[in-house]
Structure formats: C-alpha cells, structure tokens
Amino acid sequence: MTLRTIALQDFRAYSNKKIDFEKSITVLVGPNAIGKTTIIEAIHLLSTGGSFRATKTDEMIKFGSELARVTGKTEDDTIEVLLTTGLVQGKRAAPRIFSLNGVRKQKRSVTGAFQSVVFRPEDMRLIEGSPPRRRAFLDAPLMLLFPDYDRSLSTYDKALRRRNKLLQQVREGEMSKTTLHYWNQTLLKHGTLIQKYRQRLVEYFTQVEFPVSFRGHYLPSIISEERQEKYYSKEIAAGRSLIGPQKDDVSVELVIGGEFRDIGTYGSRGQQRLAVLWLKMCELAFLTDQSDQTPILLLDDILSELDREKREMVLSLTDTYQTILTTATKSIVDEVQSSVTAQDATIILL
C-alpha cells in the first residue's frame with residue numbers, strides 16, 4: 001500500500017498543509033520545531049487511529065480551533081480522521097471521527113487501511129527504558145492486525161482500573177470480596193488472550209534475519225485461576241492487581257562472554273541501539289507477514305542518532321518499504337541522495 005497524499009487542516013501548528021508523496025522515498029527537511037514530526041504524527045494517526053505524542057485529542061488541534069482534519073489518499077482509498085474538542089458549534093461531538101471513502105466508520109474499520117511503523121529518537125530507550133515502553137511496542141502491531149486483541153486490551157485496561165478501585169474498597173471494608181468475582185473472570189478471559197498474542201509475536205522474532213543474533217524473551221506475569229487465588233490476599237492488602245499483562249516485559253538477549261545475556265543490563269550503548277533496530281525490523285517483518293500489504297516506514301529524525309553503519313542498515317529498508325523520513329541535517333540529506341537504495345527520493349523543504 002502506497003500513501004499518495006496527506007492533507008492537514010488546523011492540525012497542531014498547520015492551518016492548511018498538503019504533501020504529495022510522488023516517489024518511494026520522501027525526505028522532509030527543516031529546522032527543529034518547524035513541524036516535521038507533526039507530519040509523521042498525522043500519517044501515524046491515519047494508520048493507527050492514535051498519536052505517539054498526544055495524551056488528549058485536543059492537544060492535536062490548533063489553538064483556537066474546534067476541530068482538526070487529517071486526510072490521506074492511497075491508491076485505493078481516502079482515509080480521514082476528524083478531531084474535535086468535544087464541542088463543535090455548541091453541539092457535542094465525538095473526539096475522533098473516522099471516515100473511509102467519505103463514509104463514516106468505526107475506528108477499527110478504518111485503521112489498517114494502510115499500515116505504518118514509526119521509528120523515533122525516543123525508541124532508542126526501548127531497551128534501557130521501563131517495561132511499559134516495551135509493552136507498548138508489542139501492543140502496536142497486534143492492535144493494528146487483530147481486532148480481537150485490540151478489543152481485549154481495551155476491555156482489560158478498563159476492567160483493571162475498576163478492579164483496582166474495588167480492591168481498595170475491599171481493603172477498607174467498604175465492599176464485599178464477592179464484588180471482585182466478575183472482574184476476576186473478566187481479567188482472566190482477556191488477559192489470557194493478550195498474553196497468547198504477545199507470546200506469538202515474540203516467538204516470530206526468531207524468523208527475522210539480522211546481522212547480529214539477538215533473541216527476544218517474553219516475560220509474562222501469567223494470569224490464571226491458580227495465580228489469582230494465590231495473590232488474592234496480597235492484592236487486597238496492596239489495593240491493586242499484582243499479576244497479569246500489565247506486568248509483562250520483554251528482554252532482548254545477545255551472546256556476551258560466551259552465553260546469552262540481557263542486553264539492557266550487560267550490553268554496550270552501541271549494542272543496545274543495534275537491538276532497537278532489530279526490534280523495529282521485527283515489527284516491520286511481522287506486519288508484512290501477517291497482512292496483505294507492505295507497511296510504510298516513518299523515520300522521524302532517527303538517522304542522526306545512528307552511526308554510519310547503522311544508517312546504512314536503515315536505508316537498506318527503503319528497497320522494500322515506502323519511506324518518509326525527517327531530518328534537520330544537510331549531511332543526512334546528502335547521504336540519502338547518494339545512497340544506491342535511495343536514488344528515487346523526493347526532498348521537501350519545510
């Protein structure tokens with residue numbers, strides 16, 4: 001799937017902006033804070049329905065406006081996301097309204113019309129960062145590909161918040177323990193499905209060819225009836241759920257000193273960055289393998305974070321994927337233009 005154009009209306013700092021993607025590689029060039037990441041964010045929004053920057057929808061709407069609009073066109077479809085502050089001309093409106101070819105649809109019917117993988121400087125903390133960052137990495141492709149995973153993850157998160165509140169009330173003697181039964185079963189049902197899919201994804205990583213032999217190890221906080229019973233009293237005392245997918249993690253391992261070791265603990269800075277590249281390539285490969293389309297690769301000012309060897313590895317992906325990258329560095333532009341794999345590139349100055 002190829003993205004042909006994207007148009008922004010009152011999206012962050014842009015009142016009106018249209019960009020045509022005429023070639024397989026597009027380089028967006030401009031100084032910091034000019035709006036390069038905003039364009040990447042808008043493409044990602046069309047693909048997934050979510051933002052990797054905003055915690056609230058109205059953060060993406062230009063100050064003083066009631067709504068913003070992002071429209072993208074592929075070879076076959078026109079995808080639109082309308083963002084609102086919740087009120088439009090004095091009337092209540094949904095925060096995000098999705099349309100496909102001019103027809104209003106549910107989010108899950110629109111997202112995935114084209115797929116994307118975004119690679120940002122923040123991803124360099126994927127290895128050394130906290131477990132929630134790695135769980136989000138697992139969730140992104142699974143939510144895009146599998147509607148039942150998306151539904152279960154949403155249901156599980158809501159049920160977890162409700163159960164945690166009840167645990168606190170049970171601890172304080174305000175509610176009976178029997179009120180937890182329904183929520184225990186809800187977490188068990190959906191948590192089991194979530195962990196099944198996460199295990200499947202991490203196991204897929206072994207199939208991805210890479211110059212360095214990394215391996216991923218899924219570390220689930222297994223949810224089962226037996227473990228729920230075992231932790232029941234401890235959870236009431238703590239006032240929160242102590243087991244389940246919200247505690248999952250992933251380790252990346254590499255042979256160091258003759259045996260596989262966790263690279264977050266024992267790896268060098270360079271090895272950790274290489275591991276991040278491996279994880280992103282695994283994500284790209286999984287999306288490609290599990291669907292009938294090739295994802296768009298979004299590189300948001302990432303090349304300046306890498307040494308030349310790793311930049312060449314990333315640029316080699318442009319043979320396979322439509323690539324949209326941003327940079328503020330002229331030397332990166334020159335390198336892309338001179339790359340054998342990137343001769344068919346459009347340079348856009350912002």
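All residue numbers in this chain count up from 1 along the given sequence.
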Flag, side chain of Thr329 to backbone of Ser331, donor-acceptor distance under 3.5 Å: no
Under 4.5 Å between any side-chain heavy atoms of Gln228 and Ile223, yes or no? yes
So, Ser154 side chain and Arg151 main chain: donor-acceptor pair closer than 3.5 Å or not? no
If Ile, Leu, Val, Met, Phe, Trp and Tyr residues are connected whenever their side-chain heavy atoms lie under 4.5 Å apart, and connections chain through other members, are Val29 and Leu325 in the same group? yes
Taking the side chain as every heavy atom from C-beta outward, state whether Arg96 and Leu82 have any pair of such atoms under 4.5 Å apart. no
Same cluster or not: Leu219 versus Phe260, using hydrophobic residues (I, L, V, M, F, W, Y) connected whenever any side-chain heavy atoms lie under 4.5 Å apart? no
In plain terms, say whether Arg135 and Asp139 are close enough for a salt bridge, that is, a side-chain N and a carboxylate O under 4.0 Å apart. no
Taking atom CD of Glu174 as the centre, does the number of heavy atoms from other residues, nucleotides or ligands within less than 6.0 Å exceed 12? yes
Shared hydrophobic cluster, Ile236 / Tyr182 (ILVMFWY, side-chain heavy atoms < 4.5 Å): yes
Group every Ile, Leu, Val, Met, Phe, Trp and Tyr by side-chain heavy-atom contacts under 4.5 Å, then state whether Leu142 and Phe137 land in the same group. yes
Is any side-chain heavy atom of Leu303 less than 4.5 Å from a side-chain heavy atom of Val336? yes
Would you say the side chain of Pro211 lies within less than 4.5 Å of the side chain of Met313, judging by non-hydrogen atoms? yes
For the side chain to side chain contact (heavy atoms under 4.5 Å, CB included) test, which of Gln293, Glu75, Gln322 pairs with Phe114? Gln293
Heavy atoms only: give me the nearest Arg53-Ser51 pair and the separation to one decimal. N-OG, 2.9 Å
Do Ser176 and Thr178 pair up side chain to side chain, a donor and an acceptor below 3.5 Å, judged on atom types alone? yes
Would you confirm whether Gln272, through its side chain, and Ile263, through its main-chain N or O, come within 3.5 Å as a donor-acceptor pair? yes
Donor-acceptor pair, Asp20 side chain versus Glu22 backbone, under 3.5 Å? no
Roughly how far apart are Ser24 OG and Ile296 CD1, rounded to 0.5 Å? 12.0 Å
Note: Thr74 and Arg4 closest approach over all heavy atoms is C-CG, 4.0 Å
Got a sec, which pairs hit side-chain hydrogen bond (donor to acceptor under 3.5 Å, both in side chains) with one end in residues 245-256, sequence neighbours left out? Arg134-Asp249, Tyr156-Gln246, Gln195-Asp248, Arg198-Asp248, Arg215-Glu253, Tyr218-Asp248
Going by heavy atoms in the side chains, are Phe21 and Thr346 under 4.5 Å from each other? no
Backbone N or O of Tyr149 within a donor-acceptor pair of the Ser152 side chain at under 3.5 Å? no
Gln106 atom CD, neighbour heavy-atom count above 12 within 6.0 Å: no
State, to 0.1 Å, how close Gly49 and Thr111 come at their nearest heavy-atom pair, and which atoms those are. N-CG2, 3.4 Å
Hey, could you give me the CD/CG distance between Glu283 and Leu138, rounded to the nearest 0.5 Å? 9.5 Å
In terms of side-chain heavy atoms, does Asn164 have a donor or acceptor partner in Ser241 at a distance below 3.5 Å? yes
I'd like to know if the side chain of Lys18 pairs up with that of Thr5 as donor and acceptor (distance under 3.5 Å, no hydrogens or angles considered). no
Could you tell me if Tyr232 and Asn184 have a donor-acceptor pair between their side chains, going purely by distance under 3.5 Å? no
With sequence neighbours excluded, residues passing salt bridge (Lys or Arg N to Asp or Glu O under 4.0 Å) with Arg104: none
State yes or no: do Val70 and Phe98 share one hydrophobic cluster built from I, L, V, M, F, W and Y residues joined by side-chain heavy-atom distances below 4.5 Å, directly or via other members? yes
Taking the side chain from Asn101 and the backbone from Thr78, do they hold a donor-acceptor pair closer than 3.5 Å? yes
Sequence neighbours excluded, which residues qualify as side-chain contact (heavy atoms from CB on, under 4.5 Å) partners of Ser213? none
So CZ of Phe119 and CG of Leu279: to nearest 0.5 Å the spacing works out to 9.0 Å
For a 4.5 angstrom cut-off between non-hydrogen side-chain atoms, does Gln271 reach Val212? no
I'd like to know whether Thr71 forms a side chain to side chain donor-acceptor pair (under 3.5 Å) with Glu80, so could you lay out the CA-CA distance, the side-chain angles of the two residues, the decisive distance to 0.1 Å, and finally the verdict. CA-CA 4 Å; Thr71 307; Glu80 182 178 276; 3.3 Å; yes
ring-ring contact (aromatic ring centres under 6.0 Å, His included) pairs touching residues 24-61, sequence neighbours excluded, are His44-Phe52
So do His190 and Pro245 actually touch side chain to side chain, heavy atoms under 4.5 Å? no
Would Asp300 and Thr326 satisfy side chain to side chain donor-acceptor pair (under 3.5 Å), going step by step from the backbone distance to the final call? CA-CA 5 Å; Asp300 185 24; Thr326 72; 2.8 Å; yes
Glu235 and its side chain to side chain donor-acceptor pair (under 3.5 Å) partner, picked from Arg163, Arg240, Lys230: Arg163
Side chains of Gln115 and Ser47: donor-acceptor distance under 3.5 Å anywhere? no
If I take atom CG from residue Leu166 and atom CE from residue Met175, how far apart are they, to the nearest 0.5 angstrom? 5.5 Å
Do side-chain atoms of Tyr14 reach the backbone of Ile39 as a donor and acceptor pair under 3.5 angstrom? no
For residues Ala285 and Val208, report the shortest heavy-atom separation together with the two atoms involved. CB-CG2, 3.9 Å
Between CG of Leu45 and CD1 of Ile40, what distance do you get to the nearest 0.5 Å? 13.0 Å
Spacing of OG1 belonging to Thr84 relative to CE belonging to Met60, to within rounding of 0.5 Å: 10.5 Å
Could you tell me whether Asp301 and Lys36 have a side-chain N and a carboxylate O separated by less than 4.0 Å? no
Arg12 and Thr38: side chain donor to acceptor below 3.5 Å: no
Look at atom NZ of Lys310 and say whether more than 12 heavy atoms of other residues, nucleotides or ligands are closer to it than 6.0 Å. yes
pair Asp10-Leu67: side-chain heavy atoms closer than 4.5 Å: no
When the side chains of residues 125-132 are checked against the rest of the protein, which donor-acceptor pairs come out under 3.5 Å, sequence neighbours left out?
residue, atom, partner, partner atom, Å
Glu128, OE1, Arg269, NH1, 2.9
Glu128, OE2, Arg269, NH1, 3.0

Can you see which heavy atom on Pro141 is nearest to which on Leu287, and at what distance? CB-CD2, 4.0 Å
Any idea how Trp278 and Phe214 line up, ring-wise: parallel (<30°), tilted (30 to 60°), or perpendicular (>60°)? tilted
Not counting sequence neighbours, list each pair that qualifies as a ring-ring contact (aromatic ring centres under 6.0 Å, His included) and has a residue in residues 59-91. none
